[in-house]
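One-based numbering, in listed order, for ligands and for the atoms of each.
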Amino acid sequence: MDMEATANGSIVESQRLLIDGPTNPMVTPMLTDLYQYTMAYAYWKAGKHDERAVFDLYFRRNPFGGEYTIFAGLEECIRFIANFKITEEDISFLHDVLPSTCEDGFFEYLRGVDCSDVEVHAIAEGSVVFPKVPLLRVEGPIVQLLETPFLNLVNYASLVATNAARHRLVAGKSKVLLEFGLRRAQGPDGGISASKYCYLGGFDATSNVAAGRLFGIPLRGTHSHAFVSSFMSPDEIIEKSLRSSDGSCTCEDFVSLVQTWLSKIQWLPSFRGIFSETNQSELAAFTSYALAFPNSFLALVDTYDVIRSGVPNFCAVALALSDLGYKAVGIRLDSGDLAYFSCEARKFFSVIEKEFDVPGFGKMSITASNDLNEETLDALNKQGHEVDAFGIGTYVVTCYAQAALGCVFKLVEINNQPRIKLSEDVSKVSIPCKKRCYRLYGREGYPLVDILTGENEPPPKVGERILCRHPFNESKRAYVVPQFVEELLKCYWPGTSDKPREELPSLQKIRERCMNQLEQMRPDHMRRLNPTPYKVSVSAKLYDFIHFLWLNEAPVGELQ
Ligand SMILES: Nc1ncnc2c1ncn2[C@@H]1O[C@H](COP(=O)(O)OP(=O)(O)OP(=O)(O)O)[C@@H](O)[C@H]1O
Ligand SMILES: O=P(O)(O)OC[C@H]1O[C@H](OP(=O)(O)OP(=O)(O)O)[C@H](O)[C@@H]1O
Ligand SMILES: O=C(O)c1cccnc1
Ligand SMILES: [Mg+2]
């Protein structure tokens, strides 16, 4: 073993100790497609297993009919590769399932495989990214074994982060977005991943306790229908006393205090005709809940009738709490016309504020939920609404509008020989060569274009005109004079003394990056209807090379 290999090996060893394994313990070298191992055997048998290959991981089309994507899942890929080890149990299983003709030497080889000689360059997690640009460039021997786990870790993560970002853009910055999807997610990993990557994409909090614990995501929750319906009458409330918030006195019968407030509200001239009686079992549930959580009283008001029962009952309890120095949080609406009900509830709160002189009551928070998605958020905005927070589950976590992102992992070079994958469909032709990627920014501070170049081409320079070409369409090209040049692919594994490994930032930092990047984009790329495509280009030299290789590899047809 030479000195450099020894030094590199020890760096890898020390870094492995620093990097935890993947969040999901199911993410092991076994979480792959069988053909990765049969290919590995065939490479080994052909003596090709030590050949250095370069693969690009990229997607071909932005999801959800949009023109941008959020890259997520990188940290999990690095955790996977840093801890890559095929165990004795794995080897014994592979021995059983692979054909008996597989020679023992192969299993001996697998025993020694780690990823110390694999290099990963990647775009920072949380970045806004575009089709055809490599999100990861993976180089080394046995890289094909990484294809399936890497794609699995990036595809859904990026899809759901993008979905979350799109919901954020429609909802607007000032609204609170709560992810409520665990019950509807695609199994436990779907649920945990959804919570993590929705937060990355711009949600504020999750209801998922496990995700809160694992990732430090703020946890939030409201109130359930079952709790409301579980009450039959106020007589069920046994312990009726409540100490004031400053501890100075105790209200011995909070239930009666609530009833008193309800009658006062009932007789307000402004409300004559809106409601006469409210549902008493609902009132009991709200009262009981307030006794349990006087500091954070939030009620689900749509179990029986939002305006005739839920909202007045909520107000009666909130006013009783206010007498004791507590400030109620607000309501949740989970059915019906959310725009209409939110506006009616807001009017109701404003009247209470004015009539009973309770400062701030009109600003009571209104949360809405129930099958919300981009379209309903957009419709609510157009109609006008008074919702402060949206609880979104099914549509965001299942990525209902698009099932998969479609990232692929394609060989672009082997033993320094560029490779291309041809297709009838031009959008599926791969861009060969080990490449560098840059984002060029214009005078107004917006990113203008991403450009891919060969590894050894000189980088684009600030203030210097560079020709950016569409990779496959000869007539599409533009000169760009960048005001700022950002190299996109950075070294994430393993890192050496002269090329250190990029840090893996906290989820909070990744989320900030995502928010900042989204804000930096030109608005026409981000709009929902007919967004302008962002340009992804190649250098003139790479363009010529792609087309040279294309002609070289494509057989000439013969007409008869
Ligand atoms: N003002 C609005 N504009 C557009 N869509 C809305 C508006 N208010 C609610 N929605 C959406 O309309 C749909 C209403 O669905 P649905 O009719 O199944 O529910 P519901 O009858 O109100 O409630 P549930 O069935 O839960 O009692 C939901 O997707 C909701 O998000
Ligand atoms: O609607 P989603 O976006 O998936 O958000 C989560 C939903 O989960 C809860 O109720 P659940 O749907 O279980 O019952 P419900 O339909 O009767 O409200 C909650 O009340 C929301 O409606
Ligand atoms: O806290 C809530 O209101 C909640 C959580 C998950 C799903 N639906 C609602
Ligand atoms: Mg529902």
query = Taking the six-membered ring for Trp, are F286 and F231 ring centroids under 6.0 Å apart?
reply = no

Element-labelled atoms of ligand 2 that are located less than 4.0 Å from some non-hydrogen atom of T394 = 2 (P), 3 (O), 4 (O)

request  = Identify the two heavy atoms, one from V160 and one from C399, that lie closest to each other, and give their separation to 0.1 Å.
outcome  = CA-SG, 3.7 Å

ask   = Checking E179 side chain against Y199 main chain: does a donor-acceptor pair fall under 3.5 Å?
value = no

task = Can you pull out the closest protein heavy atom to atom 14 (O) of ligand 2? Residue, atom name and distance to 0.1 Å, please.
result = R184 NH2, 4.3 Å

message = For a 4.5 angstrom cut-off between non-hydrogen side-chain atoms, does I123 reach L489?
response = yes

inquiry  = List ligand 2 atoms under 4.0 Å from D371, heavy atoms only on the residue side.
reply    = 1 (O), 2 (P), 3 (O)

request  = For D204 and L178, indicate whether the former's side chain and the latter's backbone hold a donor-acceptor pair under 3.5 Å.
outcome  = no

ask   = Where is the tightest heavy-atom contact between V301 and F314, given as atom of each residue plus distance?
value = CG1-CB, 4.1 Å

What does the N/O contact table under 3.5 Å look like for ligand 3?
residue, atom, partner, partner atom, Å
ligand 3, 1 (O), T222, N, 2.7
ligand 3, 3 (O), T222, N, 3.4
ligand 3, 3 (O), T222, OG1, 2.3
ligand 3, 3 (O), R332, NE, 3.3
ligand 3, 3 (O), R332, NH2, 3.4

ask   = Going by the order shown, which atoms of ligand 2 are within less than 4.0 Å of some heavy atom of R332?
value = 19 (C), 20 (O)

Atom 10 (O) of ligand 2 - nearest protein heavy atom and its distance = R183 NH1, 3.7 Å

ask   = Is any side-chain heavy atom of E355 closer than 4.5 Å to a side-chain heavy atom of S270?
value = yes

